[in-house]
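Accompanying notes for the structure given below.
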Number of protein chains: 2
Amino acid sequence: MSEAMAAASVRLLPPVGTDLNQPCVVRDVIDRIGDRWSLLVLGHLAESSLRFNAMHRKIGDISKQVLSRTLRHLEEDGFISRTVHQSTPPQVEYALTEMGVSFLQPLKAVLDWADAHHDAITQSRDKFARRY
Amino acid sequence: MSEAMAAASVRLLPPVGTDLNQPCVVRDVIDRIGDRWSLLVLGHLAESSLRFNAMHRKIGDISKQVLSRTLRHLEEDGFISRTVHQSTPPQVEYALTEMGVSFLQPLKAVLDWADAHHDAITQSRDKFARRY
DNA sequence: CAGAATCCGAGCCGATACTG
DNA sequence: CAGTATCGGCTCGGATTCTG
């Protein structure tokens, strides 16, 4: 057993003896971040803070409904902040919190890995498809 | 803009000008890994290779159906290998591939982050709930 | 033992219309 | 501008049953 494997497996699972249905720490994060849009939104906010409709235009193919939900979830978890500027018309600005920024670093590790192995994954899928 | 933010945002989005509906490299990975069980399965296989029913017992609250699907997806993407040992009764062994092992390292970065910020996220959720 | 087939229900996602 | 309300479709996870 390598160091990396042992280290990675430690916190991936709930503590031994606890109810496995209880989401472990990782699941608690993944369940929120691993949806259709969260990473995309965080990615855009990593470049600059944005107002609602500006982000809506930037992403392009997300409905207002879903964008609203995604933003609220990210705000709820503390990844982003929501600032209302009193004016007419109203303006609401979304930005990464300090925690949100800190998440970009581990995220980058995954991105780099995905980037490095994307071709291998694609090839693996093709090979799998040809086999069956 | 910090280095980390700029670096993280680069590959998070599809190339400018391309169809945003096309999944970008990250989405291609997250869409597979970010489901209910994949990380859990990879976590168990990080400890040792396992046969089907052994893993079923270890995880406990996953149906055979879903475990089967999860394993096939991970195999399709090249994270795990599936080895059939001809015998009666048949035995099928699942193990991490080299690529699967290499993924444990970036994964660990996320795990460490999740571990370090889990309390903050929980508190953020509580605070959010009290506000509304 | 290692799955496949079938069916069901919940939740996510989305389009559209409407509001302060 | 920044959302909410309503409704529908579709995918995912799950329970159950059956098979080589």
Distance, rounded to the nearest Å, where [X] contributes [atom1] and [N] contributes [atom2]:
{"X": "His56(A)", "N": "dC13(C)", "atom1": "NE2", "atom2": "C1'", "result": "13 Å"}
{"X": "Gln65(A)", "N": "dG11(C)", "atom1": "CD", "atom2": "P", "result": "16 Å"}
{"X": "Leu71(B)", "N": "dG13(D)", "atom1": "CG", "atom2": "P", "result": "13 Å"}
{"X": "Asp35(A)", "N": "dC10(D)", "atom1": "CG", "atom2": "P", "result": "21 Å"}
{"X": "Glu93(A)", "N": "dG3(D)", "atom1": "CD", "atom2": "P", "result": "12 Å"}
{"X": "Ile59(A)", "N": "dA2(D)", "atom1": "CD1", "atom2": "P", "result": "14 Å"}
{"X": "Gln86(B)", "N": "dG20(D)", "atom1": "CD", "atom2": "P", "result": "16 Å"}
{"X": "Lys64(B)", "N": "dG20(D)", "atom1": "NZ", "atom2": "P", "result": "15 Å"}

Scan side-chain atoms only and decide if Ser38(B) and Asp35(B) contain a donor-acceptor pair under the 3.5 Å cut-off.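 Judged by distance alone, the side chains do pair up.
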
Contact under 4.0 Å: [X] side-chain N or O vs [N] OP1/OP2:
{"X": "Ser68(B)", "N": "dA4(C)", "value": "yes"}
{"X": "Arg82(A)", "N": "dA2(D)", "value": "no"}
{"X": "Tyr94(B)", "N": "dG3(C)", "value": "yes"}
{"X": "Trp37(A)", "N": "dG14(C)", "value": "yes"}
{"X": "Arg72(B)", "N": "dA4(C)", "value": "yes"}

side-chain hydrogen bond (donor to acceptor under 3.5 Å, both in side chains) with Ser68(B): which of Arg72(B), Lys64(B), Gln65(B)?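 One option only clears the test, and that one is Arg72(B).
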
Which residue lies more 5' along DNA chain C, comparing Pro90(B) with Ser63(A) via nearest heavy atoms: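 First, find each residue's nearest nucleotide; the 5'-ward one identifies Pro90(B).
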
When we call it a touch if two heavy atoms are under 4.0 Å apart, what does [X] touch: a base, just sugar-phosphate, or nothing?
{"X": "Gln91(B)", "result": "sugar-phosphate"}
{"X": "Val66(B)", "result": "base"}
{"X": "Arg69(A)", "result": "base"}

Start with the C-alpha gap between Asp126(A) and Arg130(A), add the side-chain angles, then the distance that decides, and say whether salt bridge (Lys or Arg N to Asp or Glu O under 4.0 Å) holds. CA-CA 6 Å; Asp126(A) 288 349; Arg130(A) 278 196 302 277; 5.1 Å; no

For Pro90(A), does its backbone N or O pair with a side-chain atom of His85(A) as donor and acceptor, under 3.5 Å?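 No: the side chain of His85(A) does not pair with the backbone of Pro90(A).
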
Describe, in one word, how the ring planes of Phe103(A) and Phe79(A) are oriented to each other, choosing from parallel (under 30°), tilted (30 to 60°) and perpendicular (over 60°).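 Ring orientation of Phe103(A) relative to Phe79(A): perpendicular.
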
